[in-house]
Number of protein chains: 2
Amino acid sequence: MNIGQAAEASGVSAKMIRYYESIELVPRADRRESGYREYGVTDLHRLGFIRHARDLGFSLERIKVLLGLWSDPGRSNADVKAIARAHIRELEGRARQLNEMADALRSLADACDGDGRPDCPIIASLETGANVPACHAGDAPAAPEPPVPRRKLRARH
Amino acid sequence: MNIGQAAEASGVSAKMIRYYESIELVPRADRRESGYREYGVTDLHRLGFIRHARDLGFSLERIKVLLGLWSDPGRSNADVKAIARAHIRELEGRARQLNEMADALRSLADACDGDGRPDCPIIASLETGANVPACHAGDAPAAPEPPVPRRKLRARH
DNA sequence: CCTGCACCTTCCCATCATGGCAGAGTCAAC
DNA sequence: GTTGACTCTGCCATGATGGGAAGGTGCAGG
C-alpha cells in the first residue's frame with residue numbers, strides 16, 4: 001500500500017512517516033519503480049507501535065530504544081519498565097509544573113475582582129513576582145558556583 | 001547598565017533580551033556610542049514582568065498583550081482576568097493530558113513484572129494500543145466529514 | 001488515447017523559546 | 001598596551017509537526 005493508506009491505517013501522517021524514515025526511526029521503506037514507498041503489514045504494525053508510544057508522550061529518541069527492545073526477542077522487561085518509569089517521572093514532573101502555574105494563576109485570578117477597574121492583583125504580581133512560582137527554582141538546591149570567579153561580573157555603571 | 005547586568009538582575013538571559021527586542025516584545029533599548037545596549041530601572045522592571053509571566057507559562061504572544069494592559073492606565077482588570085482564565089484552562093488541559101499519559105503508563109508498568117523475562121505488558125500495549133489513551137480523541141466529537149467526498153481515497157492495491 | 005485529478009516525490013520554510021558559536025568590536029583594570 | 005571580560009550581529013540547532021511548491025505517477029472516465 002502507498003504512504004497515504006499507511007498513514008490512514010496507522011494514524012501517523014504521511015509527513016511524519018517520511019520524517020521518521022529520514023531520522024532512521026523506521027527503516028527505509030521499499031520503493032516501487034516509480035519511487036513510491038510501498039508498505040506492508042509489518043510496517044503498519046511498527047507505525048502503530050510508534051503512534052501508541054507517541055500517545056503516551058514518549059519522545060522519538062526513546063521510541064527508538066523501545067523499538068529496539070520490541071524487536072529483540074531476548075529483551076528484558078526490566079529494561080522496558082525502567083524506561084517507562086523514567087518517562088512517568090518526566091510526565092509527572094511536567095504535569096506538576098503546569099499545575100503549580102495553574103494553581104498560582106488561579107489564586108491570583110480569584111483575587112481579581114474583574115469589575116472593570118484597572119486595579120489588578122494579577123498584573124501586580126507579575127510586576128513584583130509575588131506568588132509567582134519561580135521557574136525551576138528548587139531544581140538546583142545549591143548553585144555549584146565555581147570556586148573563585150576572580151574577575152567575573154565586574155561592576156559597571 | 002549593560003545587557004549582562006540587566007540579564008542577571010532580571011533573570012532573563014542576554015540572548016533572550018535581544019530576542020525580545022527583535023520581536024518587538026520590548027522597545028529597542030537605548031544605545032551607547034559603541035552600540036552597547038543601555039538599560040535602566042524601567043527596562044529592568046519590564047523584563048522582570050516578562051520573566052514572571054513566563055514563569056506562569058504565558059506565551060510571548062500573550063505576554064505582549066499583558067504588557068499592553070500593564071502600561072495602559074485605563075485598563076480593565078476584567079480583560080486581564082479573561083486572559084488569565086484562558087491561560088489557566090490551557091495549563092489545566094495540558095496537565096490533564098500529561099496526567100492521563102502518566103496514569104496509563106503507570107498501570108502498564110504496574111502490570112509488568114520487570115523480572116528480566118521478555119514478556120512485557122508495556123510492549124504489548126504499544127503493539128495493540130490497548131489501554132493507551134488515544135491522543136486528542138474526544139476533542140472532535142463528530143468528524144465534520146465533507147458531505148460527498150466523491151472520488152477521494154480510492155482503493156488501490 | 002487523452003485528460004484530469006488524486007496521489008506521490010523531494011526540498012524548503014515555519015513554528016516556539018531557547019542555547020550555542022563565530023568573528024569582530026568595546027571597555028576597563030592592571 | 002595588554003589582557004580578558006563583555007558586547008555586537010548573524011547564523012544554526014533543537015523537537016515534532018504542518019504547509020507548500022514544483023514536478024512525477026497512477027488510474028478512471030470520456
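Letters A, B, ... mirror the listed sequences (proteins, then strands); counts begin at 1.
- Along DNA chain C, the nucleotide closest to B:M16 and the one closest to B:E33 are compared, and the more 5′ of them pairs with B:M16.
- B:R18 has no side-chain polar atom (N or O) that falls below the 4.0 Å cut-off from OP1 or OP2 of D:dT7.
- Side-chain proximity of B:Y19 to the nucleotides D:dT17, C:dT18, D:dT9 is greatest for C:dT18.
- No donor-acceptor pair closer than 3.5 Å links the side chain of A:S125 to the backbone N or O of A:I122.
- Under 3.5 Å, the side chains of A:D115 and B:N77 contain a donor-acceptor pair of N or O atoms.
- Between the side chain of B:Y36 and the base of C:dC27, no donor-acceptor pair under 3.5 Å is found.
- Between B:E61 atom CD and C:dT15 atom P there is a gap of 11 Å when expressed in whole angstrom units.
- Counting distance only, with no hydrogens placed and no angle test, the side-chain atoms of B:K15 and the base atoms of D:dG10 include a donor-acceptor pair under 3.5 Å.
- No salt bridge links A:R106 with A:D110; every basic N to acidic carboxylate O contact stays at or beyond 4.0 Å.
- The CG-P distance, from A:L25 to D:dA16, rounds to 9 Å in whole Å.
- The distance from atom CZ of B:R51 to atom C1' of C:dA17 is 14 Å, rounded to the nearest whole Å.
- Counting to the nearest Å, the C1' atom of C:dA17 and the CZ atom of B:R62 are 16 Å from each other.
- Salt bridge B:R31/B:E21: present, at least one basic N to carboxylate O contact under 4.0 Å.
- Among the atoms of the strands shown, only primed sugar atoms or phosphate atoms (P, OP1, OP2) are found under 4.0 Å from some heavy atom of B:Y20.
- Here D:dG18 presents its P atom at 10 Å from CZ of A:R54, a figure rounded to the nearest Å.
- Atoms CD1 (A:I50) and P (D:dT17) sit 10 Å apart, rounded to a whole Å.
- Here the nucleotide nearest the side chain of B:I3, chosen from C:dT18, D:dC8, D:dA16, is D:dC8.
- Backbone-only contact: A:R37 has heavy atoms under 4.0 Å from sugar-phosphate atoms and none from a base.
- Phosphate contact (OP1/OP2 of D:dT9, side-chain N/O of B:R31, threshold under 4.0 Å): present.
- Counting only distance, with no hydrogens or angles, the side chain of B:R75 and the backbone of A:P118 share a donor-acceptor pair below 3.5 Å.
- One interatomic measurement links the two molecules: CD of A:E21 to P of C:dC11, which rounds to 12 Å at whole-angstrom precision.
- Under 4.0 angstrom from either OP1 or OP2 of C:dC27 there lies at least one side-chain N or O belonging to B:S34.
- The nucleotide whose nearest atom lies closest to any side-chain atom of B:R32 is, among C:dT9, C:dC27, D:dT7, C:dC27.
- Between the CD1 atom of A:I17 and the C1' atom of D:dT17 there is a distance of 14 Å, rounded to whole Å.
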